[in-house]
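Down below is the structure, laid out as structure tokens.
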2 protein chains.
Amino acid sequence: MNKQSIIRLSKYKNTLQRLKTLGFVKVFSDNLADALGIRATQVRKDFSQFQITGNKRGGYNIDDLLERILRILGKTNLQKVVLVGLGNMGTALMHYQGFEREGIQIVAGFDIDPAKIGDDGRIPVYAMDNLGDFITKNRIEVGVIAVPDIAAQRALDILVASGIKGVLNFAPIRLRAPEEVPVTNVNLVQEIENIFCLINAARAE
Amino acid sequence: MNKQSIIRLSKYKNTLQRLKTLGFVKVFSDNLADALGIRATQVRKDFSQFQITGNKRGGYNIDDLLERILRILGKTNLQKVVLVGLGNMGTALMHYQGFEREGIQIVAGFDIDPAKIGDDGRIPVYAMDNLGDFITKNRIEVGVIAVPDIAAQRALDILVASGIKGVLNFAPIRLRAPEEVPVTNVNLVQEIENIFCLINAARAE
DNA sequence: TAGATTGTTAATCGATTAACAATC
DNA sequence: TAGATTGTTAATCGATTAACAATC
């Protein structure tokens with residue numbers, strides 16, 4: 001229901017998976033709160049929202065808890081995404097190991113540059129013309145946009161028209177999407193600007 | 001004062017720069033609100049917080065407004081940053097054009113891998129051993145961490161010990177830093193997980 | 001039982017928005 | 001002047017936290 005709590009859900013998951021490798025069997029709201037730097041009440045409130053219950057006195061069973069969270073996060077299956085745009089950022093994302101490790105698979109890349117099209121044996125790269133069809137045929141739910149600003153809205157329109165359900169956008173521009181298609185923006189220039197701004201603000205105090 | 005309003009400040013800046021290229025001379029709180037998808041009162045409240053005033057009836061002069069905002073954002077000078085870790089993400093950031101365009105300059109990269117050390121004529125890459133000295137000597141204020149999880153805390157410690165003022169961290173791990181050094185995290189796996197989660201939540205409703 | 005932990009209700013806090021006086 | 005827009009105060013909203021009853 002609440003976007004913040006969904007983000008925390010993903011963090012609980014990571015913490016739980018680590019605790020599990022350490023041999024932990026149960027966990028208390030207090031433990032998770034410490035790990036995330038929040039309050040224990042918040043943890044219990046979050047779980048309450050998703051109808052996750054624990055045992056008074058006994059905390060939460062990690063296996064049960066993880067299963068519930070993974071189901072809520074939609075992680076019971078492999079999560080397939082397509083990548084649109086193979087510039088610097090796109091290429092880095094393509095090679096980034098972290099996704100596979102978390103059950104996220106980039107199944108195909110798309111670019112207008114013919115030189116980038118082909119299959120190096122890992123992830124195939126197709127021409128932009130094939131984007132719509134690919135999404136429809138393979139029922140892809142999530143697309144990542146890593147094209148230049150000017151091409152971003154066009155890319156999004158194709159994704160939406162082909163039935164995409166959600167988008168992660170790296171182009172530093174506000175995209176127009178129908179309400180039912182969530183678009184999350186990652187703007188790296190802005191992130192760095194914010195840090196300088198925080199530094200400046202601290203200096204001014 | 002408020003982190004949200006600082007982030008918006010950066011967005012106002014982008015919008016204003018675009019309006020300026022279109023030949024606009026003045027702008028109303030309503031215009032900026034539309035551009036950011038927020039309310040006009042919020043825009044005026046933000047400006048009020050930073051002691052930016054406009055003209056009743058006449059809106060805000062774009063040049064004046066931009067100058068004020070750029071000063072608050074610390075954009076009067078070139079913003080120098082160092083990049084620690086030249087894996088996929090680090091390399092992509094190194095080649096990303098968007099920073100230079102906004103007055104952000106990656107002045108050096110650092111990596112443990114000797115094969116990555118050198119100077120291709122654009123941005124020099126040094127051994128990790130030189131990181132601390134470089135920051136101190138060049139009075140670098142912001143560092144970007146793009147090393148693997150396990151190396152991230154160590155990298156941060158060096159940055160902090162050398163007097164860094166703020167950090168952007170791509171390692172998917174919570175780093176411990178002194179309170180006065182803001183650390184902003186970008187976690188791409190988490191961003192994609194959140195999208196899937198939003199999709200799932202929508203389906204459940 | 002005594003102590004510890006959950007789950008929920010009520011209070012608090014902070015950020016956004018509505019309302020409106022000031023004024024160009 | 002009439003109309004439009006700013007700047008601020010007060011109301012609202014949503015999210016976090018404190019308090020505490022339930023109970024293992």
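Sequence lines set the chain letters: A, B, ... in the order given, protein chains first and strands last, and positions in each chain run from 1.
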Separation of [X] atom [atom1] from [N] atom [atom2], in whole Å?
| X | N | atom1 | atom2 | answer |
| --- | --- | --- | --- | --- |
| B:Gln42 | C:dA15 | CD | C1' | 8 Å |
| B:Asn31 | D:dT6 | CG | C1' | 14 Å |
| B:Gln49 | D:dT6 | CD | P | 17 Å |
| B:Arg39 | D:dC13 | CZ | P | 12 Å |
| B:Asp30 | D:dA4 | CG | C1' | 11 Å |
| B:Gln51 | D:dG7 | CD | C1' | 13 Å |
| A:Lys3 | D:dA15 | NZ | C1' | 15 Å |
| A:Ile7 | D:dA15 | CD1 | C1' | 13 Å |

task = Scan residues 124-150 of chain B for pairs that pass ring-ring contact (aromatic ring centres under 6.0 Å, His included), counting only residues two or more places apart or in two chains.
result =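 For residues 124-150 of chain B: B:Phe110-B:Tyr126, B:Phe110-B:Phe134, B:Tyr126-B:Phe134.
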task = For DNA chain D, produce a single dot-bracket line, 5' to 3'. Pairs: Watson-Crick or G-U wobble, both distances under 3.5 Å. Symbols: ( ) within strand, [ ] crossing, | other strand, . unpaired.
result = ..||||||||||||||||||||||
key: Set of residues satisfying salt bridge (Lys or Arg N to Asp or Glu O under 4.0 Å) with respect to B:Arg8, sequence neighbours excluded   =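 For B:Arg8 the salt bridge (Lys or Arg N to Asp or Glu O under 4.0 Å) partners, ignoring immediate neighbours, are B:Asp46.
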task = Check the side chains of B:Gln79 and B:Lys75 for a donor-acceptor pair under 3.5 angstrom, ignoring hydrogens and angles.
result =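 Looking only at side-chain atoms, B:Gln79 and B:Lys75 do form a donor-acceptor pair, the distance falling under 3.5 Å.
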request  = Check the side chains of A:Asp157 and A:Gln153 for a donor-acceptor pair under 3.5 angstrom, ignoring hydrogens and angles.
outcome  =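 The criterion, which ignores hydrogens and geometry beyond distance, is satisfied for A:Asp157 and A:Gln153.
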key: side chain to side chain contact (heavy atoms under 4.5 Å, CB included) against B:Ser29, all qualifying residues, sequence neighbours excluded   =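 Checked B:Ser29 against side chain to side chain contact (heavy atoms under 4.5 Å, CB included); matches are B:Ala40, B:Val43, B:Arg44, B:Tyr60.
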message = Can you list everything that forms a side chain to side chain contact (heavy atoms under 4.5 Å, CB included) with A:Lys20? Sequence neighbours excluded, please.
response =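 A:Lys20 satisfies side chain to side chain contact (heavy atoms under 4.5 Å, CB included) with A:Ile62, A:Asp63, A:Leu66 once adjacent residues are dropped.
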query = Taking 4.0 angstrom as the limit, do B:Glu193 and A:Lys11 come out as a salt bridge?
reply =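 So B:Glu193 does not pair with A:Lys11 through a salt bridge.
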query = Given D:dT6, is OP1 or OP2 found less than 4.0 Å from the side-chain N or O atoms of B:Ser29?
reply =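 For B:Ser29, the contact criterion (side-chain N or O under 4.0 Å from OP1 or OP2 of D:dT6) is met.
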query = Can you find a side chain N or O atom of B:Gln4 that sits less than 4.0 Å from OP1 or OP2 on C:dA15?
reply =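 For B:Gln4, the contact criterion (side-chain N or O under 4.0 Å from OP1 or OP2 of C:dA15) is not met.
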query = Which part of the nucleic acid, if any, lies within reach of A:Tyr60 when heavy atoms closer than 4.0 Å are counted: base, sugar-phosphate only, or nothing?
reply =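 The answer is sugar-phosphate, as A:Tyr60 gets under 4.0 Å only of primed atoms, P, OP1 or OP2.
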Restricting to nitrogen or oxygen on both sides, can you table the protein-nucleotides 19-24 of chain D pairs closer than 3.5 Å?
none

query = Starting at the 5' end of DNA chain D and moving along, which residue's nearest nucleotide shows up first, B:Phe28 or B:Lys45?
reply =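 By nearest-heavy-atom nucleotide position, the 5'-most residue is B:Phe28.
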request  = Please name the residue in the list B:Ile140, B:Asp111, B:Val84 that meets the side-chain contact (heavy atoms from CB on, under 4.5 Å) test with B:Leu131.
outcome  =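 Only one option passes, and that is B:Val84.
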query = How far apart are the closest heavy atoms of B:Arg122 and B:His95, and which atoms are they?
reply =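 Looking at all heavy atoms of both residues, the closest pair is NH2-CA, 3.9 Å.
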